[in-house]
Amino acid sequence: MSRHRVRARPPRATSQEPALRVTQGIDASAYLEDAAHYPGGHTPLVVCPRDEYQLAMTLRDATSVLPVGAQSSLTGGATPMGDTVISLSTLVALGPPSVHSVNAEPGVTLADLREALTAAGRAYPPVPTYEGATVGGVVSTNAAGAATFKYGTTRQWVRGLSVMLATGELLDLERGQVRAADNCFEIATSAGTIQVPVPTYRLPDVPKRAAGYPAGPDLDLIDLFIGSEGTLGIVTSVTLDVLPRCPEVGCVLIACRDEAQAVALASRLRAESIRTWRDQDPDGLDVIAIEHMDRRCLELLRDDGAAKRFGVTIPDDADVLLLAQVEFPPGTTTARVYDDVASVADVGSASGGGLDSPVARLCRVVAESDRLHATEIVAPGDAARVAALMALREAVPDAVNRRVGIAKRTVDDTIEKTAADMIVPFAQLSESLRLFRHAFESRGLDYAIWGHLSDANMHPNVIPRSAEDVRRGKDAILECGRGVIQLGGCPLAEHGVGRNPVKQALLRQLYGDGGIAEMYAVKRALDPSRKLAPGVLLP
Ligand SMILES: Cc1cc2nc3c(=O)[nH]c(=O)nc-3n(C[C@H](O)[C@H](O)[C@H](O)COP(=O)(O)OP(=O)(O)OC[C@H]3O[C@@H](n4cnc5c(N)ncnc54)[C@H](O)[C@@H]3O)c2cc1C
């Protein structure tokens, strides 16, 4: 068979137990909403298949289906609109990790995956913030998170995939084995050969893209399904690459005077870390992620008492908090961190100036920006403090979401979360922040910006006080999208598109009518009766 051809196989029956079926009115209500709180969810039936055969039978009997994992989608992509919900939560087999990979069924959560890998001395780093998300969900959204700067997105870690097509047959795909030829794949099924066209639009050159189907003359078929949000097939098994070690990750909280200083410092931390990886320097600084919270975020943390709760004093002169995750050499204890910080801080010390440890290098970079006095370094072993600082970061979206909920309850029922998830090349980061601020401020909106600064992937969020704020916020996001595209970025970085009309509009901004038509052509080839997740990704 030529390299762009692949043969589908029939589903296997392996379970003695019947599929779990839940009809409307009993417990189906638990499946009607995802984390985006997209309104109007309804379903006639929820099925939890226990093997491929049961999954295929569910697919055969339904008019339309929506595969779901943990329904932590932030785009409405996991909200059923009359579709049969196929919950993959009963498919949770997890193979023993080998040195370099692990096999998981789609319902395995990232928390369970982490636990199993840690026990085996392995790790899977490119995880989104929410650990309840499932393997099937992160593959289907090409999820990413804070650590993309060092470790990339889900896509780079998927080595193999089994995926059920709309026909009920399966493809077992291994990375590198099926590549496009003449802008086409051929899939041999029992009913004949499916010709799948390969999109030709140009992808923005940024490390995160959760923006529809990938493109390119040399496309790997496995990549077509990763990030396809359930619209091309149902993921039934995944082989993920893993790190053959468990990195020791500590935290650094730096209170910066203003945004310019934060961006400059992040830029230095990135450059130092890239140099470390290039030179494989064991004493080098190894930052894997830098999170960013702007001035409004800090106000929210103060107002809600979160800063106090997590034992963080935000200096009065600070406008921005940076929270970096840093890999330290094994055995970097809290005492060692204190010693190294003291050595660098004590400029008169004989050893301080020449000390060459990752902590010392980190301190020097921070000291160059004159922020060492406003920095807290937490060693990997201090798990409680690391957890507290990570919780501080999560308190920011929680604070905004709570305010959206209160406004919805007390002001107008149509008020909803109004947020963007955009990425630009790092060199354009400051320009993108200016763009966001102008778009929101020129419309008189209250807003906060946080995100993964190390990737220049930011989440500008409106804090709406009225339905009109929501309308203006959506308008602002579309303006930001146009600007981000002009800067060479992607207006859909990591959360995907789902059913969100603004995100679907951003997708059209990005690839134009022609690009959307090419996506429809892929969808028509693989799912001609629009059975799989209709309305998700493509309206
Ligand atoms: C607090 C919080 C923080 C988050 N942080 C991040 C973050 O940092 N980065 C990030 O990328 N995302 C983030 N997310 C969004 C979300 O966690 C991710 O998109 C995640 O990948 C979804 O996984 P899930 O199992 O919940 O999938 P679901 O939400 O159930 O489904 C998501 C999409 O994938 C499809 N799907 C699910 N399973 C399958 C399958 N087996 N086969 C085919 N299609 C399937 C669904 O149809 C849907 O379109 C966050 C969400 C929350 C609530």
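For ligands, and for the atoms within them, numbers begin at 1 and follow the listed sequence. Position 1 is the first residue of the sequence, and the numbers go up from there.
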For [Y], is there any backbone N or O sitting under 3.5 Å from a side-chain donor or acceptor partner on [X]?
{"X": "Arg296", "Y": "Asp446", "value": "no"}
{"X": "Asn142", "Y": "Ile226", "value": "no"}
{"X": "Asp172", "Y": "Ser162", "value": "no"}
{"X": "Trp157", "Y": "Thr239", "value": "no"}
{"X": "Thr134", "Y": "Gly107", "value": "no"}
{"X": "Arg50", "Y": "Pro18", "value": "yes"}

Identity and separation of the nearest protein heavy atom to [atom]:
{"atom": "atom 21 (O) of ligand 1", "value": "Thr141 OG1, 2.9 Å"}
{"atom": "atom 27 (O) of ligand 1", "value": "Gly137 CA, 3.5 Å"}
{"atom": "atom 50 (C) of ligand 1", "value": "Leu74 CD1, 3.6 Å"}
{"atom": "atom 24 (P) of ligand 1", "value": "Ala70 N, 3.5 Å"}
{"atom": "atom 44 (N) of ligand 1", "value": "Ser140 OG, 3.0 Å"}
{"atom": "atom 28 (P) of ligand 1", "value": "Gln71 N, 3.6 Å"}

Item to complete: Establish, for the pair Arg270 and Phe426, whether the NZ or CZ atom is under 6.0 angstrom from the six-membered ring centre and no further than 45 degrees off its axis.
Response: yes

Any N or O on [X] sitting closer than 3.5 Å to an N or O of ligand 1?
{"X": "Ala35", "value": "no"}
{"X": "Ala533", "value": "no"}
{"X": "Ser72", "value": "yes"}
{"X": "Pro67", "value": "yes"}
{"X": "Val68", "value": "no"}
{"X": "Val235", "value": "yes"}
{"X": "Gly77", "value": "yes"}

Worksheet item: Closest approach of Glu291 and Ala146, non-hydrogen atoms and distance?
Response: OE2-CB, 3.2 Å

By number and element, which atoms of ligand 1 are closer than 4.0 Å to a non-hydrogen atom of [X]?
{"X": "Pro128", "answer": "6 (C), 7 (C), 8 (O), 9 (N), 10 (C), 12 (N), 13 (C)"}
{"X": "Ile234", "answer": "42 (N), 43 (C)"}
{"X": "His495", "answer": "10 (C), 12 (N), 13 (C)"}
{"X": "Pro106", "answer": "41 (N)"}
{"X": "Ala133", "answer": "20 (C), 23 (O), 25 (O)"}
{"X": "Gly233", "answer": "43 (C)"}
{"X": "Ala78", "answer": "28 (P), 29 (O), 30 (O), 31 (O)"}
{"X": "Ser73", "answer": "29 (O)"}

Practice prompt. Go through the steps for Arg114 and Glu131 under the test salt bridge (charged side-chain N to carboxylate O under 4.0 Å, His left out), then give the verdict.
Written response: CA-CA 9 Å; Arg114 178 182 45 74; Glu131 267 210 319; 2.5 Å; yes

Discussion item. Does Glu115 have more than 12 heavy atoms from other residues, nucleotides or ligands lying within 6.0 Å of its CD?
Written reply: no

Worksheet item: Just wondering, more than 12 heavy atoms not from Arg295 lying within 6.0 Å of its CZ?
Response: no

Discussion item. Checking Asp304 against Arg402 for the salt bridge (charged side-chain N to carboxylate O under 4.0 Å, His left out) test, could you report, in this order, the C-alpha distance in whole Å, the side-chain angles of both residues, the deciding distance, and whether it holds?
Written reply: CA-CA 11 Å; Asp304 289 2; Arg402 199 167 41 253; 2.5 Å; yes

Worksheet item: Would you call Lys531-Asp527 a salt bridge at under 4.0 Å N-O?
Response: no

Discussion item. Determine whether His495 and His459 satisfy the following criterion, ring-ring contact (aromatic ring centres under 6.0 Å, His included), listing intermediate values before the conclusion.
Written reply: CA-CA 10 Å; His495 296 158; His459 301 308; 4.9 Å; yes

Fill in: side-chain contact (heavy atoms from CB on, under 4.5 Å) involving Arg309 - partner list, sequence neighbours excluded
Ala306

Fill in: Option nearest atom 9 (N) of ligand 1 (shortest heavy-atom distance, choices Ser87, Ala144, Ser89)
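Among Ser87, Ala144, Ser89, the closest heavy atom to atom 9 (N) of ligand 1 belongs to Ala144.
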
Worksheet entry | Option with minimal heavy-atom separation from atom 1 (C) of ligand 1, where the choices are Tyr31, Phe225, Tyr130 | Tyr130

Discussion item. Against ligand 1, does Gly132 come closer than 4.0 Å with any heavy atom?
Written reply: no

Discussion item. Does the residue Val138 have a heavy-atom contact with ligand 1, meaning some pair of atoms that are separated by less than 4.0 Å?
Written reply: yes

Discussion item. One residue to check: Thr129. Relative to ligand 1, which of side chain, backbone, both or neither has a non-hydrogen atom less than 4.0 Å away?
Written reply: both

Practice prompt. Just let me know how Thr134 lines up against ligand 1, side chain, backbone, both or neither, with a heavy-atom cut-off below 4.0 Å.
Written response: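 It is both parts that get close, each with some atom under 4.0 Å.
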
Worksheet item: Under the salt bridge (charged side-chain N to carboxylate O under 4.0 Å, His left out) test, which residues partner Arg524, sequence neighbours left out?
Response: none

